[in-house]
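Before any comments, here is the structure.
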Amino acid sequence: MENKRVRLRFAPSPTGGLHMGGVRTALFNYLFAKKHGGDFLLRIEDTDQTRYVKGAEEYIVAALNWTGIKIDEGVSVGGPHAPYRQSERKELGIYKKYADQLIQSGHAYYAFDTAEELDAMRKRLEAAKVAAPQYNAVSRQNMRNSLTLSEDETKKLLDAGTPHVIRLKVPRNEEIRFHDIIRGWVVVNSSQVDDKVLLKSDGMPTYHLAHIVDDKLMEISHAVRGEEWLPSAPAHILIYRYLGWEETMPQLAHLPLILKPDGNGKLSKRDKSGLPMFPLNWTDPSTNESYIGYRESGFFPEAFANMLAFLGWNPGTTQELFSMDELIQAFSFERVNKSGAKFDPEKTKWFNQQYLRKKADSELAALFAPVVEEKTNGQGAKGKGQDYIEKVCKLIKEKAHFVSEFWEMGKFFFIAPDAYDADVIKKRWNEGSAKFIAALATEYKNMGDFTAAEAERVFKATAENTGTNPGQVMQLFRVCLSGMGGGPVLFEMTELLGKDEVVKRLETAVQKIK
RNA sequence: GUCCCGUUGGGCGAGUGGGCAAGCCGUCACUCUUUCACAGUGGAGACACCGGUUCGAACCCGGUACGGGAUACCA
């Protein structure tokens, strides 16, 4: 099947907020689809009714949208293969048909075992020191299924509506080979594969059956998913084969896991690193547990997507900053790693910082203005206007990682400091420096043109006249204005505050600091 | 336990048999700004281990160790 249209899908279960690992899977699917001019679909795999979480689907769509992943087809946008929710497709009888087909061809069978019987079987096998207790070619011979029961008995049970599942009949000892775009050839013996349930007793298909049927019907060309699926891939190969679809099955790619920053193990829903694990804020409706999102933490979606792309992939060049279009251009599965990638909070912040620097001041001001309004109860920006906020942003963005830090870093642009950095005061404040600050206030008061250059010139002149070493009082001057020992370029900041405000703050400082 | 996947500096990662093993984050130092940062320059820091193949191995093969994943009528 050469020249088959490239179609990839992201197929999450609506069991909670979409974790950033899930977003990465979606992103890789999306990048590959777009790189080859294909389609990106969103399918919801809600076959487990007991784990269904309300609002999860909406969250998934919103998270993808925010990240910049556009859905061509599927839930939320529709398309020629609708419906795209497996629970709805089940109602149409789509999966049962193929399960029946497998029964007919002898590759699947009915199993009537109760949960207790299954449990007893596992215990029995464990007691017998069987390495991997499972429902398979050997153990099924001692269970209640259409392979051990007579045709009559089976029919009777079915007619009586006895609860049952349909299981895949996995051969006892057969080599299963499959090719993974990222990992190469993988070989597993069928003795390691259990007789997977295809259709549950409630009539719902399991993931194993459902995703294969849907991928076929939706003409998916590449199935890209997390590494946790690798062990069940051999079973999937068998299903494709028995359905007669092996020749046209999607190419497989199993993505490496994202590991937590400290120690080992899969990245979980909570992490001590302090960074969010979810793209957007998420509150679980049943447990009321809530998690913060990247968006709400002040991350730019471009930075988030860029960071995610580098978790397990790299372009092979030294370029690290990529727009979505550039990612699409550069992406390939050949450059996806096999080993798990540790999530690096520091690097993640760095990405956001890079994007922050590139943003136009006006764009940042638009984000920051509401914060200023809120924090000052509508007072701070008043009379100073958008232009003032823009200039503040211009000064602050050089040292920030997030817009959300702007207020703490630059609130003195809007309200006078009510406290002064104790360390600096302790170190620098004395009779001489106090005198200098007072003198500076006076000099500034008499100035005309209050530019950064002029302010600096007068500052130095005043230092000379009072016999003060400028280096000794420069940081002090900063503290008098902002309360803080560090901050934006000093005289730029002075100019922006304006003459009157600067003089006032200096005078206040002289009075307040002892 | 069994099966599968993996293992290059503190983190991410380039590298696919042949000149001193890229780059980024972090860290340290220096420079610059007579402050704090930013920036620039430089430093320290790695091929898990043991065998084998080869004139030659981070790259190929085997074993060991370590890590991860899977082992459900969950996905």
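Residue numbers start from 1 in every chain, and the chains themselves are labelled A, B, ... in the order their sequence lines are given, proteins ahead of strands. Just the heavy atoms: all of them, side chains too, but no hydrogens, waters or symmetry mates, feed the values below.
- Remark: the separation of the C1' atoms in B/A14 and B/G62 is 27 Å, to the nearest Å.
- RNA chain B is contacted by both A/K338 and A/D202; A/K338 maps to the nucleotide lying nearer its 5′ end (nearest heavy atom per residue).
- Atom name C1', nucleotides B/C49 and B/C66: the rounded distance is 10 Å, in whole Å.
- As judged by a 4.0 angstrom heavy-atom cut-off over every strand, A/T348 is placed among residues making no nucleic acid contact.
- When heavy atoms are screened at a 4.0 angstrom cut-off, A/D344 is found touching base atoms of the nucleic acid.
- Here A/R122 lies in heavy-atom contact (under 4.0 Å) with sugar-phosphate atoms only.
- Only the P atoms considered, B/G17 is 12 Å distant from B/C61, to the nearest whole Å.
- Nucleotide B/A44 forms a pair with no other nucleotide shown, judged by Watson-Crick or G-U wobble geometry with both contacts under 3.5 Å.
- Listed candidates were B/A37, B/C12, B/G68. Nearest to the side chain of A/K399 is B/A37.
- Ionic pairing of A/E454 and A/R457 is present here: one or more N-O contacts between side-chain nitrogen and carboxylate oxygen are shorter than 4.0 angstrom.
- Counting any heavy atom pair closer than 4.0 Å across all strands shown, A/G184 reaches no nucleic acid atom.
- Side-chain N/O atoms of A/S191 include none lying less than 4.0 angstrom from OP1 or OP2 on B/C3.
- At the heavy-atom level, A/L257 lies under 4.0 Å from the strands shown only through sugar-phosphate atoms.
- Separating the C1' atom of B/U16 from that of B/C47 is a span of 14 Å, rounded to the nearest Å.
- With B/G26, B/C5, B/U2 as the choices, the nucleotide that has an atom nearest any side-chain atom of A/E227 turns out to be B/C5.
- For the pair A/E91 and A/K96, the salt-bridge criterion is not met [side-chain N within less than 4.0 Å of a carboxylate O].
- The side chain of A/A341 lies closest to B/C12 when the candidates are B/C73, B/C12, B/C25.
- When both pairing distances are held under 3.5 Å, B/U53 makes no Watson-Crick or G-U pair with any nucleotide shown.
- Rounded to an integer number of Å, the gap from A/K426 NZ to B/U35 P is 23 Å.
- Checked against B/G11, B/C73, B/A70, the side chain of A/S201 finds its nearest nucleotide in B/C73.
- Between A/L230 atom CG and B/U71 atom P the separation is 12 Å, expressed in whole Å.
- The side chain of A/T206 sits closest to B/C74 out of B/C4, B/C74, B/G11.
- Residue contacts for A/E456: at a heavy-atom cut-off of 4.0 Å it reaches the sugar-phosphate backbone alone, with no base atom in range.
- Checked for salt-bridge contact, A/R122 and A/E126 miss the test: no charged N lies under 4.0 Å from a carboxylate O.
- Rounding to whole angstrom units, CD1 of residue A/I182 and P of B/U16 are separated by 20 Å.
- Comparing B/A75, B/A14, B/C5 by their nearest atom to the side chain of A/N314 picks out B/A14.
- The CZ-P distance, from A/R24 to B/C12, rounds to 13 Å in whole Å.
- Closest to the A/Q134 side chain, of the nucleotides B/A14, B/U71, B/C25, is B/U71.
- Using C1' as the reference atom, B/G13 and B/C30 are 28 Å apart when rounded to the nearest Å.
- Inspection of the A/D195 and A/Y109 side chains reveals an N or O donor paired with an N or O acceptor under 3.5 Å.
- Across all strands shown, nothing is found opposite B/C38 as a Watson-Crick or G-U wobble partner with both distances under 3.5 Å.
- Between A/E302 and A/K359 a salt bridge is recorded (basic side-chain N to carboxylate O distance below 4.0 Å).
- Nucleotide B/C4 forms a Watson-Crick or G-U wobble pair with B/G68, both donor-acceptor distances falling under 3.5 Å.
- Distances shorter than 4.0 Å separate some side-chain N or O of A/R167 from OP1 or OP2 on B/C73.
- Checking B/A75, B/C4, B/A39 against every side-chain atom of A/R357, the shortest atom distance belongs to B/A39.
- Comparing B/A14, B/C73, B/G69 against the side chain of A/R335 picks out B/A14 as the nearest.
- Rounding to whole angstrom units, CZ of residue A/R478 and P of B/U33 are separated by 16 Å.
- Note on A/V193: nothing from the nucleic acid sits closer than 4.0 angstrom, heavy atoms only.
- Base contact: A/D113 has a heavy atom under 4.0 Å from a base atom.
- Between A/R51 and A/D48, at least one side-chain nitrogen of the basic residue sits less than 4.0 Å from a carboxylate oxygen of the acidic one, meeting the salt-bridge criterion.
- No N or O donor and acceptor, one from the side chain of A/K349 and one from the base of B/C25, sit under 3.5 Å apart.
- Residues A/N173 and A/S191 have side chains that never bring a donor and an acceptor to within less than 3.5 angstrom of each other.
- When distances run from any side-chain atom of A/S339 to the nucleotides B/U35, B/G6, B/A75, the shortest one goes to B/G6.
- Residue contacts for A/D194: at a heavy-atom cut-off of 4.0 Å it reaches no nucleic acid atom on any strand shown.
- Both distances falling under 3.5 Å, in either a Watson-Crick or a G-U wobble arrangement, occur for no nucleotide opposite B/U16.
- The CG-P distance, from A/L490 to B/C38, rounds to 17 Å in whole Å.
- Under 3.5 Å, the side chains of A/N430 and A/S433 contain a donor-acceptor pair of N or O atoms.
- A gap of 8 Å separates the C1' atoms of B/C28 and B/A44, to the nearest Å.
- A/R177 has its CZ atom 15 Å from the C1' atom of B/C4, to the nearest Å.
- An OP1 or OP2 oxygen of B/G13 is reached within less than 4.0 angstrom by a side-chain nitrogen or oxygen of A/N337.
- Taking atom CD of residue A/E320 and atom C1' of nucleotide B/G26, one finds them 13 Å apart after rounding to whole Å.
- Judged by distance alone, the side chains of A/N306 and A/Y355 do bring a donor and an acceptor atom under 3.5 Å apart.
- Phosphate contact (OP1/OP2 of B/A75, side-chain N/O of A/K200, threshold under 4.0 Å): present.
- Residue-level contact check: A/V197 touches the backbone only, with heavy atoms under 4.0 Å from sugar-phosphate atoms and none from bases.
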